[in-house]
Amino acid sequence: MERGEVSAIGLIETARALVADDKGLLAMDESNPTCNKRFAALRIPETVEARRSYRELIVTTPDLGQCISGLILYDETIREGKKEGASFLKIIVNAGIIPGIKVDTGAKDMAGHHGEKITEGLDGLRERLIEYFKMGARFAKWRAVITIGPGIPSRGCIEANAQALARYAALCQETGLVPVVEPEVLMEGEHTLARCCEVTEEVLRTVFDELYAQRVMLEGMILKPNMVLPGLTCPQQEVVDVVADTTVKCLLRAVPAAVPGIAFLSGGQSGELASARLSAMNSRFRGHLPWAVAFSFARAIQQPALEVWKGQQANVQLAQKALYYRAKCNVAARRGNYPAAMEGE
Ligand code: 13P
């Protein structure tokens, strides 16, 4: 099926809306095992009902739509709703937020590539995307994982993941969903900032080669990359401005100007650092970047709220305040005005 003119316009409009008005995405698409792991660390029961309650807390946060343009859901969540009443999808749309859905089925060990992962989920993807579109989703997410270590990443791993991302993105656009293309170079490791920059550039160049080969319309997608950071155990950590400058330099080399928006993942950075680095990119390069520089954080927005909530109904309002606060910090960061704009809040 050829992509018609009308749906191309729809894709472009949705992609632009996802990065408009200094807002960004909130990822709440943790798979059940990942969500359970985060619950277990705080002794929250690892049950369907606890996950549902937590997701209800997020989607009913007052004024969330002032800071968040799109929410990324998981298959379990897109089918759920409040204990009594409206579906989560309805609540999200009524809040002026665009619903999205994670559609990969996870990163698995890659055959013949010790220590590397390949993301699965292409089989039957077209039918799943059609179902999600009919339910009301307007964008989707697929995460590829690249590990830095001795002798890795390999070319084979980068190419296989990039091709899967591109095939996913093409299927999304055929269905009318904006693909959020997420190649994540992990923070774990001893590597330097320079090494992360080199790997991220190679990964992004390969991803955009494959997107071109698969005829993905760049104007109708969002890129969700990692920030360029030294490994967590690298002895030489870097100040915020150096991270901001290196990340932007890397992206300028590899990301075509036709892409409307870059929405970073947080990858395990603290909420404060993720906001500070995003803010530095926006303040130091204001007016010099072809794309919007936004956020698509999970942990960097959710973690403080989860720690306040602790699975207790009595803590819901305080947890929602914590969630809203971090979302607002990232709107300030998009304006290049964090943390100054948050003083006294
Ligand atoms: P983090 O911001 O916690 O890295 O999660 C973003 C995400 O959506 C991972 O796929």
Side-chain angles (χ1 to χ4, degrees), residues 18-19 23-39 41-42 54-55 58 67-78 97-108 117-121 137 139-147 161 164-165 168-169 172 178-189 196 200 203 207 221-229 231-232 243 247 261-278 281 293-307 322-323 326-327 329-330 333-334:
L18 287 171
V19 291
K23 297 181 196 177
L25 309 183
L26 169 55
M28 52 177 289
D29 60 332
E30 295 81 8
S31 63
N32 290 347
T34 303
C35 190
N36 287 343
K37 199 168 75 185
R38 301 207 176 132
F39 279 13
L42 295 166
Y54 179 56
R55 268 95 189 225
I58 295 178
C67 305
I68 299 299
S69 56
L71 270 172
I72 314 177
L73 307 172
Y74 182 58
D75 185 73
E76 182 178 72
T77 316
I78 200 169
I97 299 174
I98 304 170
I101 179 79
K102 167 196 175 77
V103 298
D104 66 75
T105 56
K108 309 285 163 60
K117 302 273 187 199
I118 177 72
T119 300
E120 295 185 348
F139 70 101
K141 182 194 102 170
W142 177 291
R143 173 175 177 252
V145 178
I146 305 291
T147 309
N161 275 293
L165 275 168
Y168 137 83
C172 283
V178 169
V180 172
V181 173
E182 180 180 10
E184 175 173 6
V185 178
L186 294 177
M187 283 165 69
E188 281 75 22
C196 181
T200 303
V203 168
V207 166
M221 65 163 275
I222 298 291
L223 179 70
K224 175 164 174 167
N226 51 285
M227 294 187 194
V228 176
L229 303 168
L232 281 175
V243 167
T247 302
I262 288 175
F264 287 104
L265 60 93
S266 59
Q269 303 172 68
S270 70
E272 290 81 4
L273 263 181
S275 299
R277 289 162 170 165
L278 180 65
M281 286 182 231
V293 175
F295 56 92
S296 176
F297 297 156
R299 282 163 288 180
I301 293 179
Q302 284 186 44
Q303 194 58 29
L306 189 58
E307 288 169 16
L323 188 85
R326 284 260 53 96
C329 288
N330 291 307
R334 283 209 54 189

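Atoms within each ligand, like the ligands themselves, are counted from 1 in listed order. What you see is a predicted model, and the numbers here were worked out from it, not measured in a lab.
The ring pair (Phe, Tyr, Trp, His ring centres under 6.0 Å) check on Phe297 picks up Phe295, with sequence neighbours excluded.
By the criterion of a heavy-atom distance under 4.0 Å, the side chain of Ala27, and not its backbone, is placed next to ligand 1. Looking at Glu182 against ligand 1, only its side chain comes within 4.0 Å, counting heavy atoms. If you look at Lys224 next to ligand 1, the close heavy atoms, those under 4.0 Å, all belong to the side chain. With a 4.0 Å heavy-atom cut-off, ligand 1 is reached by the side chain of Arg143 but not by its N, CA, C or O.
By the 4.0 Å heavy-atom criterion, Gly267 is counted among the residues contacting ligand 1.
Between Ser266 and ligand 1, a contact under 3.5 Å exists for at least one N or O pair. Among the atoms of Glu184, none of the N or O lies under 3.5 angstrom from an N or O of ligand 1. Not a single N or O atom of Ala300, backbone or side chain, sits closer than 3.5 Å to an N or O atom of ligand 1.
In this structure, atom 10 (O) of ligand 1 lies nearest to the protein heavy atom Lys141 NZ, 2.4 Å. The single protein non-hydrogen atom nearest to atom 3 (O) of ligand 1 is Arg299 NE, 2.7 Å, given as residue, atom name and distance. Residue, atom and distance of the protein heavy atom nearest to atom 5 (O) of ligand 1 are Ala298 CB, 3.2 Å.
Using a distance-only test at 3.5 Å, with no hydrogens or angles considered, a donor-acceptor pair links the side chain of Gln269 to the main chain of Ser266. A donor-acceptor pair is defined here as one N or O able to donate and one able to accept, closer than 3.5 Å; such a pair exists between the side chain of Thr105 and the backbone of Glu120.
One finds no salt bridge joining Arg277 and Glu272 here, because no Lys/Arg side-chain nitrogen approaches an Asp/Glu carboxylate oxygen to under 4.0 Å.
Between Pro225 and Glu182, every side-chain heavy-atom pair lies at or beyond the 4.5 Å cut-off.
Those atoms of ligand 1 with a heavy atom of Phe297 less than 4.0 angstrom away are 2 (O).
Here the options are Arg55, Lys102, Arg299, the test is salt bridge (charged side-chain N to carboxylate O under 4.0 Å, His left out), and the partner is Glu30; only Arg55 passes.
Between Ala144 and Asn161 the shortest heavy-atom distance is CB-OD1, 3.6 Å.
Looking at Asp104 and Thr119, their side chains never bring a donor and an acceptor atom within 3.5 Å of each other.
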